[in-house]
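All values derive from a computational prediction rather than experimental measurement. Below, chain A is the first sequence line, B the second, and so on; all start at residue 1.
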There are 2 protein chains.
Amino acid sequence: MNASMTIGQAAEASGISRKMIRYYEETGLLPPARRSESGYRYYDQAAVEQMQFIKRARDMGFSLERVGQLMSLWHDDKRHSADVKALAQQYIAELDENIAQMQAMRNELRDWVDHCHGDDRPECAIIDHLKPHAD
Amino acid sequence: MNASMTIGQAAEASGISRKMIRYYEETGLLPPARRSESGYRYYDQAAVEQMQFIKRARDMGFSLERVGQLMSLWHDDKRHSADVKALAQQYIAELDENIAQMQAMRNELRDWVDHCHGDDRPECAIIDHLKPHAD
DNA sequence: GCTTGACCTTGCCATCGTGGTAAGCTTTAC
DNA sequence: GTAAAGCTTACCACGATGGCAAGGTCAAGC
């Protein structure tokens, strides 16, 4: 159960692709894996748990850079929860900003679409809104 | 007023950077520009209007591929507004999907953040939710 | 022991849209 | 005539991921 795994097994266990595991190692998000004499990477349970942490953070949409910061905090016994919170709050603020922007686009476009007949005639409110002179 | 412009002037007039104008030409979104003997690109009013169309569509978040389709429709006198509408509606559906996903992440994260004390102690609900064994 | 298939390695390219930078040529303004 | 501004092409970079190819390795079946 605590035996070491190949990269494929670690990928399976963590939900992170082999490709990405290597990439995370390359970029320093994961520590260099232990290698067999022939060069195969082998992972222990702790390494897989790091991957699972990354998986969860990525699934929440944290950037790899922030995931790295979260991992540092995770491993820091003397962390201040305020630092974690600040990091998360900043990300939430960015999410809110992106959501708002997308909603604004969506609403305006929705409005255009509502004014488009959507038949076989060429007249189209959407095109009219995109056209340079028709605003 | 209708004189030809250099790429910098066209960029200024359209809001699209010089870099992107060249890129759009390279990828076929814009037709090859007329060139001076020395190789400089020159643009007339119609070309600038194409750029303005692109600018508006990009500002609405349409992908370059869809912008290309919209431009084709714009220039097609026999277009069916239904085709434009369908294109826009598909994009709206994608926007809605993305918005929903971001909101889901945001809401869950907001919940975690609300349970984090945010002080100088290491205990942290956010870390606990990201940690493999604490779910 | 040998073959086969599954797995591993590295390295390179592609995405999408944009920005940067560099080396060199042209035009414009003084 | 010179300097500055603007143009050209050709690269590299981002962020995060996938794909492919050429080759080495391991495990199972015979």
Side-chain angles (χ1 to χ4, degrees), chain A residues 3-30 32-44 47-48 51 53-71 91 94-95 98 101-102 105, chain B residues 3-30 32-44 47-48 51 53-71 91 94-95 98 101-102 105:
Chain A
S4 47
M5 307 179 182
T6 64
I7 195 170
Q9 293 165 328
E12 183 72 19
S14 66
I16 292 180
S17 71
R18 273 161 293 185
K19 206 71 197 284
M20 283 301 103
I21 293 175
R22 296 193 195 99
Y23 174 67
Y24 295 162
E25 175 180 330
E26 192 185 319
T27 59
L29 186 61
L30 284 173
R34 194 164 45 83
R35 301 285 193 126
S36 72
E37 282 188 12
S38 59
Y40 279 29
R41 289 175 179 81
Y42 283 95
Y43 297 95
D44 59 18
V48 170
M51 294 178 202
F53 184 96
I54 293 173
K55 180 70 164 63
R56 295 195 184 200
R58 289 291 300 133
D59 284 350
M60 286 300 286
F62 285 102
S63 68
L64 289 184
E65 186 183 356
R66 284 209 176 104
V67 174
Q69 295 168 351
L70 287 168
M71 296 226 302
Y91 171 46
E94 288 174 15
L95 275 176
N98 288 334
Q101 199 197 343
M102 294 182 83
M105 298 190 305
Chain B
S4 44
M5 307 179 184
T6 64
I7 195 171
Q9 292 165 329
E12 183 72 18
S14 66
I16 292 179
S17 71
R18 273 161 294 185
K19 208 69 198 281
M20 284 300 103
I21 293 174
R22 296 193 194 102
Y23 175 67
Y24 294 162
E25 174 181 330
E26 192 185 316
T27 60
L29 187 61
L30 284 173
R34 195 164 46 82
R35 300 285 192 126
S36 71
E37 283 187 11
S38 60
Y40 278 29
R41 290 175 179 81
Y42 283 95
Y43 298 95
D44 58 18
V48 170
M51 294 177 201
F53 184 96
I54 293 173
K55 180 67 163 64
R56 293 194 185 202
R58 289 291 298 135
D59 284 350
M60 287 299 286
F62 285 102
S63 69
L64 289 183
E65 186 183 356
R66 284 209 175 103
V67 173
Q69 295 168 352
L70 287 168
M71 296 226 302
Y91 171 47
E94 289 173 14
L95 274 177
N98 287 334
Q101 200 197 343
M102 294 181 82
M105 296 191 306

Report which part of the nucleic acid A:Arg22 touches: base, sugar-phosphate, or nothing (heavy-atom distance under 4.0 Å, all strands). base
For a quick test of reading the model, state the closest non-hydrogen atom pair linking B:Phe53 to B:Val67 and the distance between them. CE2-O, 4.5 Å
For B:Glu12 and D:dC7, what is the distance between atoms CD and C1' respectively, to the nearest whole Å? 16 Å
Just the rounded figure in Å: distance from P of D:dC7 to CZ of B:Arg35. 12 Å
Does the side chain of B:Thr6 get closer than 4.0 angstrom to OP1 or OP2 of D:dC7 through an N or O atom? yes
The side chain of B:Tyr24 is closest to which nucleotide in this list: D:dT9, C:dT18, D:dT17? C:dT18
Please tell me if the side chains of A:Leu64 and A:Arg58 come closer than 4.5 Å, counting only heavy atoms from C-beta onward. yes
So if I take every side-chain heavy atom of A:Arg18 and compare against C:dG19, C:dG17, C:dC8, which nucleotide ends up nearest? C:dC8
Determine whether A:Met5 and A:Glu12 make a side-chain contact, defined as any pair of heavy atoms from C-beta on separated by less than 4.5 Å. no
Interatomic distance, A:Tyr23 OH vs D:dA16 P [rounded to whole Å]: 6 Å
Could I get a table of every N or O pair under 3.5 Å where one atom is in the protein and the other is in nucleotides 26-29 of chain D?
| unit_1 | atom_1 | unit_2 | atom_2 | d |
| --- | --- | --- | --- | --- |
| D:dC26 | OP1 | A:Ser38 | OG | 2.8 |

Quick one: B:Glu26 CD to C:dG17 P, roughly how many Å, whole number? 14 Å
Heavy-atom closest contact (B:Gln9 atom, B:Thr6 atom, distance): OE1-N, 2.9 Å
Rounded off to whole Å, could you give me the CZ-to-C1' distance for the B:Arg41 and C:dC25 pair? 14 Å
Over all heavy atoms of both residues, which pair between A:Tyr24 and A:Ile54 is shortest? Give the atoms and the distance, please. CE1-CG2, 3.7 Å
5′-ward residue of the pair A:Gln9/B:Ser63 relative to DNA chain C: A:Gln9
Ranges pairing with ranges for DNA chain C, where each run has three or more Watson-Crick or G-U pairs under 3.5 Å: C:1-30 with D:1-30
A:Met20 has an atom CE; how far is it from atom P of D:dT17, in whole Å? 6 Å
A:Ile16 CD1 to D:dT17 P: how many Å, rounded? 8 Å
Would you mind reporting whether B:Met51 and B:Met20 have side-chain heavy atoms less than 4.5 Å apart? no
With heavy-atom distances below 4.5 Å as the criterion, would you say the side chains of B:Arg35 and B:Arg41 are in contact? yes
Validation row: B:Arg66, B:Gln69 side chains within 4.5 angstrom (heavy atoms): yes
Mark yes when over 12 heavy atoms from residues, nucleotides or ligands other than A:Arg18 sit less than 6.0 Å from its CZ; otherwise mark no. no
Atom-pair distance (CD on B:Glu25; C1' on C:dG17), nearest Å: 17 Å
